[in-house]
2 protein chains.
Amino acid sequence: MSLPEASGRFCYDYERPSVATDIVLFTIREGALSVLLIERGEHPFKGSWALPGGFLRMDESPEQCALRELEEETGVEVSYLEQLYSFGAVRRDPRYRVLSIAHFALTPWQDHSLKAATDAADARWFDCHNLPKLAFDHSDIVGLAMQRLAAKLNYSTIALPLLPKEFTLGALQQVYEIISGKPIDKRNFRKQILARKHIEETGKKSKGDAHRPAMLYRAVDVGKVVYEG
Amino acid sequence: MSLPEASGRFCYDYERPSVATDIVLFTIREGALSVLLIERGEHPFKGSWALPGGFLRMDESPEQCALRELEEETGVEVSYLEQLYSFGAVRRDPRYRVLSIAHFALTPWQDHSLKAATDAADARWFDCHNLPKLAFDHSDIVGLAMQRLAAKLNYSTIALPLLPKEFTLGALQQVYEIISGKPIDKRNFRKQILARKHIEETGKKSKGDAHRPAMLYRAVDVGKVVYEG
DNA sequence: TTATGTTAGTGTCAAAGTAACACAAACAAT
DNA sequence: ATTGTTTGTGTTACTTTGACACTAACATAA
């Protein structure tokens with residue numbers, strides 16, 4: 001096929017889909033894997049819960065767009081972001097064609113005071129295993145993100161962005177158990193996780209808890225970031 | 001941010017990037033992992049080699065677009081296709097903004113008579129480890145596709161679409177060796193690959209070769225297809 | 001017909017990794 | 001001082017992986 005030629009900045013030779021990003025932001029909250037959703041304030045799906053996201057601007061990359069939309073709609077900062085998948089079914093948006101570049105993000109739990117968003121009526125965390133019906137194809141997107149998260153647990157450092165900078169092995173094990181949905185033997189977990197050399201002792205110990213203090217660990221600095229992780 | 005409202009079919013409230021697909025089609029040819037490239041007949045990068053691909057139409061999904069463009073530009077049919085990654089750097093195309101949904105495809109080697117493409121001067125197979133300089137960011141895309149292919153070897157059936165429907169264990173082992181770049185022990189390979197139960201005996205044997213005939217195997221039918229595989 | 005070249009097909013053993021298992025120590029709260 | 005809770009630690013059986021060599025069956029060439 002022939003290429004649409006650029007004439008000035010716009011190029012209307014061919015119709016184009018709109019391009020948006022959506023973000024599946026996970027955290028671990030109250031012992032459950034949770035995802036951040038916004039209540040839509042506009043049609044379509046007004047009043048439904050949906051993923052945060054919005055339209056791509058011409059001067060930003062998809063990743064930048066995802067970060068900007070998250071900030072605008074929820075005020076949350078993330079500790080990890082990667083592209084998940086692009087959803088491009090012709091009729092996934094009932095209004096007109098919108099291609100969504102879905103992203104996958106993580107943040108450690110803290111009592112995020114969720115900002116009232118511009119065009120969102122509300123923003124809240126939901127337990128991933130107890131989600132309401134979502135707008136558009138957002139249930140599919142969340143499902144794929146959960147798969148990806150579980151799959152990456154065992155060959156990456158993906159659990160670390162869900163914890164604060166310093167954490168105990170007990171807390172890390174909880175993250176693994178919650179995401180995989182299976183109990184893990186404490187001694188085996190500690191042996192294996194330390195053998196990977198992704199975390200190191202800080203020398204400090206936790207205090208203030210009603211039990212024996214635990215060694216605090218941190219992620220070892222890795223340096224480079226690559227496509228997809 | 002507010003949403004662009006649809007007025008009729010077009011929606012010009014916001015500037016939009018063009019959306020295209022590119023396809024990294026691999027085959028095993030002459031003992032080497034090879035990728036299909038076209039020689040660009042138009043500017044920019046006229047005369048350079050590039051991935052096959054083209055612009056998304058409003059009535060087709062990204063996957064359909066990838067298949068259509070492959071057919072149009074090269075006449076090749078594929079045995080496997082999945083989305084790879086969406087490349088959206090602001091200036092990845094020097095003309096104007098083009099977002100590319102890159103795909104990853106496989107086909108068994110056969111003496112494909114490569115169709116002279118509409119807007120491609122030529123189409124040829126290249127050894128992946130001896131590629132020319134490519135147009136746009138296509139070298140990055142091929143690199144990512146090679147990573148993905150190697151990574152999936154050991155937890156998926158990704159090698160099978162590179163072979164004809166019936167194949168010998170020797171041929172399958174060659175695929176693994178070529179993609180991983182490492183020699184594999186024949187006995188261990190056979191034990192492990194059969195234990196996965198992804199392939200089964202056909203009962204038939206190869207013939208016509210100047211050596212002992214080998215059992216022919218085929219992929220066991222799996223049924224469902226899922227996101228990303 | 002025989003010899004040669006080439007790939008198919010097969011089992012054992014050592015090493016490494018994984019999974020199951022229990023109890024004392026250190027703190028806060030009562 | 002007692003209770004409740006989490007930390008921290010080692011050994012053993014089991015499973016998986018990796019190394020290793022020879023005979024069988026065909027086509028081809030001598």
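Chain identifiers are assigned alphabetically (A, B, ...) following the order of the sequence lines, protein sequences preceding nucleic acid strands; residue numbering begins at 1 within each chain.
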Closest-nucleotide 5' rank along DNA chain C - winner of A:Q192 and B:T168: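 Nearer the 5' end of the strand: B:T168.
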Under 3.5 Å, side chain of [X] to main-chain N/O of [Y], donor-acceptor pair present?
{"X": "B:R148", "Y": "B:L84", "answer": "yes"}
{"X": "B:T27", "Y": "B:T107", "answer": "yes"}
{"X": "A:E200", "Y": "A:Y217", "answer": "no"}
{"X": "B:Q83", "Y": "A:S86", "answer": "yes"}
{"X": "A:E73", "Y": "A:L70", "answer": "no"}
{"X": "A:D185", "Y": "A:R187", "answer": "yes"}

Shorter than 3.5 Å, N or O on both sides, protein versus nucleotides 28-30 of chain D: list them out with atom names.
none

Nearest-angstrom distance from the residue atom NZ of B:K205 to P of D:dC26: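 Distance check: B:K205 NZ to D:dC26 P gives 8 Å.
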Distance in angstrom units between B:L169 CG and D:dA24 P, rounded: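 Spelled out: CG on B:L169 to P on D:dA24 is 20 Å.
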Chain A footprint on DNA chain C, 5' to 3' - any atom under 4.0 Å from a heavy atom: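 Reading along DNA chain C, I get C:dA19 to C:dA28.
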Minimum side-chain heavy-atom gap B:P132-B:F126 below 4.5 Å: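 Contact flag for B:P132/B:F126 side chains = yes.
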Residue closer to the 5' end of DNA chain D, A:H211 versus B:P213 (nearest nucleotide):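 Its nearest nucleotide being more 5', the pick is A:H211.
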Most 5' of B:D209 and A:G170 on DNA chain D, judged by nearest nucleotide: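 By nearest-heavy-atom nucleotide position, the 5'-most residue is A:G170.
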Residues touching DNA chain C, which here means a heavy atom under 4.0 Å, drawn from residues 174-190 of chain B: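 Within residues 174-190 of chain B, the residues near DNA chain C are B:K186, B:R187, B:R190.
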Sugar-phosphate only, base, or nothing, as touched by A:K207 at under 4.0 Å among non-hydrogen atoms: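 It contacts nothing in the nucleic acid.
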Side-chain H-bond candidate by donor/acceptor type, B:S100 with B:D22, under 3.5 Å: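 Per modelled atom types, B:S100 and B:D22 side chains form a pair under 3.5 Å.
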From CA spacing to verdict: side-chain contact (heavy atoms from CB on, under 4.5 Å), A:F87, A:I141: CA-CA 8 Å; A:F87 289 77; A:I141 301 179; 3.7 Å; yes
D:dT6 base / A:R212 side chain donor-acceptor hit below 3.5 Å: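 A donor-acceptor contact between them is absent.
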Ion pair A:E82/A:K152, N-O distance below 4.0 Å: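 Salt bridge flag = yes for A:K152 with A:E82.
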Salt bridge flag under 4.0 Å for residues B:K182 and B:E177: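 Answer for the salt bridge query: no.
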